Number of protein chains: 2
Amino acid sequence: MTQVPARRIEPTMRDVAALAGVSIKTVSRVINDQGGAGADVVERVRAAAQSLGYRPNLSASSLRRSDRRSATLGVLVEDLSNPFDAALLRAVEERARRDRVLVLASSAEDDIDLQREQLESLAGRRVDGVVVMAASGQQDDLQHERSRGTPMVLVDRPPTFSDTDSVTTTNRESSRQAVLQLAAYGHRHIAFLGGRETVWTSQERRIGYLEGLAQAGLRWRDESVCTDLKGVDAAERAVAGLLDLTSAPTAIFTAQNLITVGAMRVLLARGWQHRVALIGFDDFPLADMLDPAITVVRQDVPLIGRTAADLVLSRIEGDRSPAVHAVVPAELVRRGSGELWPPSS
Amino acid sequence: MTQVPARRIEPTMRDVAALAGVSIKTVSRVINDQGGAGADVVERVRAAAQSLGYRPNLSASSLRRSDRRSATLGVLVEDLSNPFDAALLRAVEERARRDRVLVLASSAEDDIDLQREQLESLAGRRVDGVVVMAASGQQDDLQHERSRGTPMVLVDRPPTFSDTDSVTTTNRESSRQAVLQLAAYGHRHIAFLGGRETVWTSQERRIGYLEGLAQAGLRWRDESVCTDLKGVDAAERAVAGLLDLTSAPTAIFTAQNLITVGAMRVLLARGWQHRVALIGFDDFPLADMLDPAITVVRQDVPLIGRTAADLVLSRIEGDRSPAVHAVVPAELVRRGSGELWPPSS
DNA sequence: GCCACGTACGACAACGTTGTCGCAGGGGCG
DNA sequence: CGCCCCTGCGACAACGTTGTCGTACGTGGC
């Protein structure tokens, strides 16, 4: 039977000091390994702390300390249950742990009001810095927080204001590369399906697509570019519409993983999965187990997270060098669906 | 150009008080909406706080406050990038937000030493409570923390000590149900593939499998029960071994999603995916897009998370009623792979 | 006109910790 | 033997906030 006390009572330095027969300050010195205490005293204090189960109160410590560190980082993403966001959080956490820093995680659901609220919450807890996946729309709140001196790194989407670090991936270049590969396989009619246009990455990937078309000398067809798709359903409808065209595309580039899934679903339903080539931006679990396995542009999420954490932690350490805009290369993972030739006509 | 100050300087109540020409205590009253301040004074203080960009310091507040709340919850899972863990975190966060509570997230990697360390870190920040997915092995550290009065809820795996809430799913019952369904489809040789036996859920699901066999009047075959599989590779080898048996099983029950994936991979490689029935425990993304779509036992992760958060938050509010062991029902999602008949012999 | 009472505020201490300073004692050096 | 410095420790204040209590003042009843 676990004996659970009615109220949680944490021993303080005062208690440890009393038991060890020394002053509070001496306890502080021992706990923080500051030296200036005799070996016997250190021993006594350690024993007293141990026997009382003393644990330093980090809130009080950070309040009094001159550097004001809370050893806590805020991570503000769109949706913690999204695999990308989760992997990012994990990578930040792992890097932060090295510095004994913990992570306050929250979802802003791509809503700037909620984002502001969460940002306030984090600031109220005096986090040492924040890693933010900016919600689409005005970044005034982020800029405001930043202008107060809060170390901040934007991930996935860059800041629209200056003096702030960011970590993004090669959205445009990799999209172009995907399109060029489709063109190299002989496709002359390549469709584009993109997500919400308010999101920076959607725009970048669309531009990359257009650049790829241009570079391959292919003409741009209005009816083959579907933007601002929200959710799997919209993607499915769009793909169905494309395939029903009298001159249907022979290849599809999807700019987001949910859209890729929607496209694949429609192709499977029609039995055209080996007839229409498909490359998607962003990897997803089991993409390699479908038939055909899906060729994707894969972001290096762990590296993105680690880089972001590195940046914010070094800013916290006082690094005042100019803002860094790190770009982590994405990789084209060829699995089959992007290596289909167009039907011989 | 964003003007970023060299050092972060947050205004305090003292500053607000000076600007508004009132005492610090009055500022405190206004900020906390405690009343006892004249309308004009409230107005002046609000204006002063606004113009200075004042934000209350929650650390200082929680230090001084009588209830000692930090409005922060710890969530300690195995791996934040695992979809199950991420969904759980998300659900807890969403529920916590209602109470203006933030979530400190950390991964213990199923390592009790790391778990202890993270638990210490959380305790040092004086979180109001913790939601823990217990690492396998001795739960001494958890029990110790619990015995100090920290509100705690275990998720996914129950406590081995008393007086502590938990939220789990119907591991045994749902496993049995899966096996019974396979039997109902005429399968008389059903194999089992399970994960690490140190993990409670693995054991429960194995027991459920055995119960199902017994209930269906099927005999247990030693060579068809593979336990303690670590990772996808091990699962693949085990499945390959099973299928090579002279009397190979006609149906497989996999007790964990990675194992399900491994099994499916082998079946696909051999082209037997329509010949051997498969039911997996735990849903995974795209399970419905494979051919055949995978029948799974799906846990209601959001509900598990919400329930856990509800419990820990009510304990924090002072609920001292006996420990609750909530069991959230899992659901058999029939998609095809579990509804295959054995080859007519 | 007196007292009782309620309201609006401020002074002060305290939460648990750390930075500053000061003091006692010992040892080295001239 | 006197001086200084170094080491080991403690007293005290302060971080930003809130709980307690006191005080001034206005209001109402007799």
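Keep in mind it's a predicted model, so treat the numbers as computed, not measured. Residue numbers begin at 1 in each chain, while the letters A, B, ... track the order of the sequences.
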Looking only at side-chain N and O atoms, does [X] come under 4.0 Å of OP1 or OP2 in [N]?
X       : N      : answer
A:Arg64 : D:dG16 : no
A:Ser66 : C:dG19 : yes
B:Ser61 : D:dT18 : yes
A:Gln34 : C:dG19 : yes
B:Arg14 : D:dC15 : yes
B:Arg29 : C:dG10 : no
B:Asn57 : D:dC15 : no
A:Ser23 : D:dA11 : no

Can you check the [X] [atom1] to [N] [atom2] distance for me, whole Å?
X        : N      : atom1 : atom2 : value
B:Arg126 : C:dC15 : CZ    : P     : 14 Å
B:Leu63  : C:dT18 : CG    : C1'   : 13 Å
A:Asp40  : D:dC9  : CG    : C1'   : 11 Å
A:Ile9   : C:dG16 : CD1   : P     : 11 Å
A:Tyr54  : C:dG16 : OH    : P     : 10 Å
B:Met13  : C:dG10 : CE    : P     : 13 Å
A:Asp15  : C:dC15 : CG    : C1'   : 13 Å
B:Arg68  : D:dG19 : CZ    : P     : 11 Å

My understanding is that only residues two or more places apart in sequence, or in another chain, count here; which of them pass side chain to side chain contact (heavy atoms under 4.5 Å, CB included) with B:Arg97?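 Side chain to side chain contact (heavy atoms under 4.5 Å, CB included) check on B:Arg97 returns A:Glu109, A:Leu114, A:Gln118, B:Arg90, B:Glu93, B:Glu94.
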Might you point out which heavy atoms bring A:Ala71 and A:Asp128 nearest each other, and give the distance in Å?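 That closest heavy-atom pairing would be N-OD2, 2.7 Å.
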B:Leu63 to B:Arg68 - nearest heavy-atom pair and separation: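 Heavy atoms only, the tightest pair is O-NE, 3.2 Å.
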Would the distance check show the side chain of B:Asn82 and the main-chain N or O of B:Phe84 forming a donor-acceptor pair, the cut-off being under 3.5 Å?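 Yes, because the side chain of B:Asn82 sits within donor-acceptor range (under 3.5 Å) of the backbone of B:Phe84.
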Do A:Gln139 and A:Gln115 have side chains that approach each other closer than 4.5 Å (heavy atoms only, starting at C-beta)? no
Check the surroundings of atom CD in B:Gln50: do more than 12 heavy atoms from other residues, nucleotides or ligands lie under 6.0 Å from it? no
Are there over 12 heavy-atom neighbours, none belonging to B:Glu120, within less than 6.0 Å of that residue's CD?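 Correct, the count exceeds 12.
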Would you mind classifying the nucleic acid contact of B:Ser28 as base, sugar-phosphate or nothing, using non-hydrogen atoms under 4.0 angstrom?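 Base contact.
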Detail all sub-3.5 Å separations between protein N/O atoms and N/O atoms belonging to nucleotides 6-8 of chain D.
none

First encountered from the 5' end of DNA chain C, between B:Val22 and A:Pro11: B:Val22
Any donor-acceptor pair under 3.5 Å linking the side-chain atoms of B:Ser59 with those of A:Arg126? no
Quick note, A:Lys25 side chain, CB onward, closest among D:dG10, C:dT17, D:dG16 is D:dG10
